[in-house]
Amino acid sequence: MREVYAARRAKLMEGMKAPSIAVIYSGTAPMRSADEEYEFSVDRNFYYYTGIDRQHMILVLKKLKEGTMAEELYIEPFDEVMAKWVGARMRENEAREISGIEKICYLEAFDGNFNSLIESSRSSKKLTVALDLWKYKVTQAPTQAHLLAARIKEQYPAVEIRDIYADFVGQRIKKEDIEIEKMMVAQHTTQKAIEELMRYVKPGMNECEMEGAFDFALRKQGVREHAFPSIVAGGVRATTLHYKENNQEVKDGELVLIDLGSANEHYCADISRTFPVNGKFTARQKEIYDLVLSAQDLIIEKAAPGMTLRELNQMVIDHYAARLDELGLAKDGKTVADYYYHGVSHQLGLDTHDISCSDYEILEPGMVITVEPGFYIEEEEIGIRIENDILITEGKAVDLSQGILKTTEDIEAWMSKRD
């Protein structure tokens, strides 16, 4: 894999204009309370270019002259005492072996080296520092990249700052074969855990216990990493898209909607299934379920290069609109928007909602997207979502989740085998 990471870094630097440098942080786990930290989750861009899953690291890529490129990795020095308490920090040779980066430095040298780099690169061309300045919410705490950008503006006003986020998107949005292989592992472990969950559930069970059954089924496969916090929503709670509590009893006759997935080396599976807790769909539940399933089948069949996610979503809306009156739902001025209020797809990869931007709205071969139509009738306490993950190719899309139970017949047959 070190050759893969090296090739990714080289491609990123090829797109940089000299003189410029890129600084990418691995991230730091914030403190929670007292001496406890929140669980660390590596910056996915740092991981994409290094393969290293450790905090307190900095990747520096330099292109000071056209045709010349250099790279450095800053790490914490080894600490014998801390190794006894929390485990050993990564040593230089290990960082070099994983990433393929030859020049390994210690973090304490970063500020001095950064200053020297800026001082030595003064020329007629303005130096550019490229940073990932992505921010999802205005209230979001500043990242290390934001803090460095602020320091550059204050201490080095002649230096230009560039947001490198779109460069990351350009590489990550189309998956390499090795990435698809990792995603398929996540599909298979998720499939097995869903099958065990469906065999385990019964009326009167708490959503929390169902979530635990899924988690245990993953752990038995040696999997600890989830793509995102699981959603387990019974009855009317399934009409809330991002229901989080997972703490209510699911009663006989109700449907339960699960939206969950494992991850393999941070590559995600994102799967939704809806099934009757007693193992048998009512006629009405089946009618609505088959509507959603037919919408999903339509999108998987039609998704192709040159299309946009907006166009795919409009197909779902049109498909539902044609059936609304027949289902007895076109009354009191209601439209599809009252029963379906989210998009059908998003990018998938190292992040569940993988990075994207307006430059990459059109589907291209190598992209992996979700297909997740839903239909939610709050007054009938029915919430249904069916989600598969597909790979866009030059021809027909490949359904990466095709082995996971999803027809009413297959679900009922599988659940009939419960003890």
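His342 and Asn313 form no side-chain donor-acceptor contact under 3.5 Å, judged by distance and modelled atom types alone. Donor-acceptor pairing under 3.5 Å is lacking for the side chains of Tyr243 and Asp259. A side-chain donor from one of Ser401 and Gln187 sits under 3.5 Å from a side-chain acceptor of the other. Side-chain polar atoms of His188 and Gln221 form no donor-acceptor pair below 3.5 angstrom. At a cut-off of 3.5 Å, with distance as the only test, a side-chain donor of Thr189 or Ser262 sits close to an acceptor on the other residue. No side-chain donor-acceptor contact under 3.5 Å links His353 and Gln347. In this structure, a donor-acceptor pair under 3.5 Å is present between the side chains of Glu211 and Asn246. Using modelled atom types, one finds no donor on one side chain facing an acceptor on the other under 3.5 Å when comparing Asp132 with Tyr25. With 3.5 Å as the limit, one finds no donor-acceptor pair spanning the side chains of Glu287 and Tyr289.
Counting only distance, with no hydrogens or angles, the side chain of Gln140 and the backbone of Tyr136 share a donor-acceptor pair below 3.5 Å. No side-chain donor-acceptor contact under 3.5 Å links Arg273 to the backbone of Arg385. Looking at Glu265, its side chain never comes within 3.5 Å of a backbone N or O of Lys182 through a donor-acceptor pair. Checked by atom type and distance alone, the side chain of Glu76 never pairs as donor or acceptor with a backbone atom of Arg89 at under 3.5 Å. Of the possible polar contacts, none joining the Lys63 side chain to the Ala18 backbone as a donor-acceptor pair under 3.5 Å is found. Put simply, the side chain of Arg199 never gets that close to the backbone of Glu196: no donor and acceptor are under 3.5 Å apart. Side-chain atoms of Arg32 never come within 3.5 Å of backbone atoms of Tyr38 as a donor-acceptor pair (strictly under, hydrogens ignored). No donor-acceptor distance shorter than 3.5 angstrom exists from the side chain of Arg224 to the backbone of Leu218, with no hydrogens or angles considered. Without hydrogens or angle criteria, His346 side chain to Thr352 main chain gives a donor-acceptor distance under 3.5 Å. Proximity of a side-chain donor or acceptor of Asn264 to a complementary backbone N or O of Tyr267 within less than 3.5 Å is not detected.
Using a 4.0 Å cut-off between charged nitrogen and carboxylate oxygen, Arg2 and Glu97 count as a salt-bridge pair. Checked for salt-bridge contact, Asp338 and Lys331 miss the test: no charged N lies under 4.0 Å from a carboxylate O. By the 4.0 Å N-to-carboxylate-O rule, Glu71 lies too far from Lys62 to be salt-bridged with it. A salt bridge links Glu379 with Lys334: the distance from a Lys NZ or Arg NE/NH1/NH2 to an Asp or Glu carboxylate oxygen falls below 4.0 Å. A salt bridge links Asp167 and Arg162; the closest N-O separation between the charged side-chain nitrogens and carboxylate oxygens is under 4.0 Å. Between Glu72 and Lys103 there is a salt bridge, with a side-chain nitrogen of the basic residue lying less than 4.0 Å from a carboxylate oxygen of the acidic one. Residues Arg323 and Glu326 are paired through a salt bridge, judged by an N-O separation under 4.0 Å between the basic side chain and the carboxylate.
Residues in residues 290-305 take part in these side-chain hydrogen bond (donor to acceptor under 3.5 Å, both in side chains) pairs, two or more places apart or across chains: Lys286-Asp290, Ser294-His319, Gln296-Asn388, Gln296-Lys406, Asp297-Lys406, Glu301-Lys396. Counting only residues at least two apart or on different chains, no side-chain hydrogen bond (donor to acceptor under 3.5 Å, both in side chains) pair has a member in residues 10-21.
Under the rule for a side chain to side chain donor-acceptor pair (under 3.5 Å), the partners of Glu195 that lie at least two apart in sequence or sit in another chain are Gln191. Every residue was checked against the side chain to side chain donor-acceptor pair (under 3.5 Å) condition with Thr240, not counting sequence neighbours, and none meets it. By the side chain to side chain donor-acceptor pair (under 3.5 Å) test, Asn247 pairs with no residue at all, sequence neighbours left out.
Pairing each heavy atom of Glu412 with each of Gly279, the nearest pair is CG-O, 3.4 Å. The shortest heavy-atom contact between Ile104 and Ala95 is CD1-CB, 4.2 Å. In terms of heavy-atom proximity, Ile164 sits nearest to Ala22 at CD1-CB, 3.9 Å. Of all heavy-atom pairs spanning Tyr5 and Tyr47, the tightest one is CE2-O, 4.2 Å. Nearest approach of Thr239 to Glu378, heavy atoms of both residues: CG2-CA, 3.9 Å. Minimum interatomic distance between Ile231 and His242 (heavy atoms only, all atoms of both residues): CD1-CA, 4.0 Å.
Looking at Leu329, Ile288, Leu291 one by one, the single match for side chain to side chain contact (heavy atoms under 4.5 Å, CB included) with Tyr339 turns out to be Leu329.
The distance between the ring centers of Tyr340 and Phe375 does not fall below 6.0 angstrom. Centroid-to-centroid, the aromatic rings of Tyr341 and Tyr376 come within less than 6.0 Å.
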Requested in this report: Apply the test salt bridge (charged side-chain N to carboxylate O under 4.0 Å, His left out) to residues Glu245 and Arg237: give CA-CA distance (whole Å), side-chain angles for both, the deciding distance (0.1 Å), then the verdict.
Outcome: CA-CA 10 Å; Glu245 285 76 10; Arg237 296 176 296 282; over 6 Å; no
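Around atom CD of Glu394, no more than 12 heavy atoms belonging to other residues, nucleotides or ligands sit under 6.0 Å away. Within a 6.0 Å radius of NZ in Lys220, other residues, nucleotides and ligands contribute more than 12 heavy atoms. Summarising the local packing, CG of Leu107 is surrounded by more than 12 heavy atoms from other residues, nucleotides or ligands at distances under 6.0 Å. By the 6.0 Å contact criterion, CZ on Phe40 is enclosed, its count of non-hydrogen atoms from other residues, nucleotides or ligands being greater than 12. Within 6.0 Å of the CZ atom in Arg151, the count of heavy atoms belonging to other residues, nucleotides or ligands exceeds 12.
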Result block: side-chain N/O donor-acceptor pairs under 3.5 angstrom for residues 168-176, not counting sequence neighbours:
unit_1, atom_1, unit_2, atom_2, d
Gln171, OE1, Tyr49, OH, 2.8
Gln171, NE2, Arg8, O, 3.2
Arg172, NH1, Asn45, OD1, 2.7
Arg172, NH2, Asp351, OD2, 2.9
Arg172, NH2, Asp354, OD1, 2.8
Lys174, NZ, Glu364, OE1, 3.0
Lys175, NZ, Arg172, O, 3.0
Lys175, NZ, Ile173, O, 3.4
Lys175, NZ, Leu348, O, 3.1
Lys175, NZ, Asp354, OD2, 3.2
Glu176, OE1, Arg8, NE, 3.3
Glu176, OE1, Arg8, NH2, 2.7
Glu176, OE2, Arg8, NE, 3.4

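Annotation: side chain of Ile21 is not in contact with side chain of Leu61 (no heavy-atom distance under 4.5 Å). With a 4.5 Å cut-off on side-chain heavy atoms, His56 and Thr28 count as touching.
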